[in-house]
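Not measured: the values here are computed from a predicted model. Throughout, numbering of the chain's residues begins at 1 and tracks the sequence.
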Amino acid sequence: MADVVFLLCAVTSLACAVLLLRGYARNRVPLLLWSSLCFVGLAVNNILLVVDLVVIPGRDLLVFRNLSGFLSVALLVFGLVWDSE
């Protein structure tokens, strides 16, 4: 059951990224771009979680998962600071 939840989280993050990118394509609001990039990174993070725990459980991808999550949030914070100036 947990595998399904992990996959649904990845799909949801990817769907959010697509919808935010569509909004950015229409309105050209920079915050939508930064948010979509964050959600792309979070989708990568969730996909790495599925790969780590379901596909190849013998391997430890914790460093890559944490790095993708950190970079995703860092992109969003950078976009928030850059857009506020």
When you group the ILVMFWY residues by side-chain heavy-atom contacts below 4.5 Å and let the links chain together, are I47 and V73 in the same group? no

Could you check whether any side-chain heavy atom of L80 comes within less than 4.5 Å of a side-chain heavy atom of W34, counting everything from C-beta outward? no

Non-hydrogen atoms of N46 and C9 that approach each other most closely: ND2-O, 3.4 Å

Approximate separation, where rounding is to 0.5 Å, of N45 CG and L67 CG: 9.5 Å

Is a donor on one side and an acceptor on the other found under 3.5 Å between the side chain of D83 and the backbone of G79? no

About how many Å separate CG of L71 and CG of L76, when rounded to the nearest 0.5 Å? 13.0 Å

Using the rule that Ile, Leu, Val, Met, Phe, Trp and Tyr join whenever any side-chain heavy atoms are under 4.5 Å apart, tell me whether L75 and L32 fall into a single cluster. yes

In the structure I gave you, are the side-chain heavy atoms of V50 and D3 within less than 4.5 Å of one another anywhere? no

All pairs passing side-chain hydrogen bond (donor to acceptor under 3.5 Å, both in side chains) where residues 67-79 contributes a residue, at least two apart: none

For residues L49 and L42: do they belong to one hydrophobic cluster (side chain heavy atoms under 4.5 Å, members Ile, Leu, Val, Met, Phe, Trp, Tyr)? no

Going from OG on S13 to CZ on F39, what distance comes out if it is rounded to the nearest 0.5 angstrom? 6.5 Å

Is any side-chain N of the basic residue among D52 and R65 closer than 4.0 Å to the acidic one's carboxylate O? yes

Between CZ on residue F6 and CE on residue M1, distance to nearest 0.5 Å: 12.0 Å

What about F78 and Y24, same hydrophobic cluster or not, with Ile/Leu/Val/Met/Phe/Trp/Tyr joined at side-chain heavy-atom distances under 4.5 Å? yes

Please tell me whether V4 and V54 are part of a single hydrophobic cluster in this structure, the criterion being side-chain heavy atoms less than 4.5 Å apart. no

One should read off an interatomic distance between L53 CG and L48 CG, to the nearest 0.5 angstrom, of 10.5 Å

Closest heavy-atom contact between A10 and A43? O-CB, 4.1 Å

Nearest-0.5 Å distance that lies between atom CG in D60 and atom CD1 in I56: 10.0 Å

Residues 22-42 vs salt bridge (Lys or Arg N to Asp or Glu O under 4.0 Å), sequence neighbours excluded, gives none

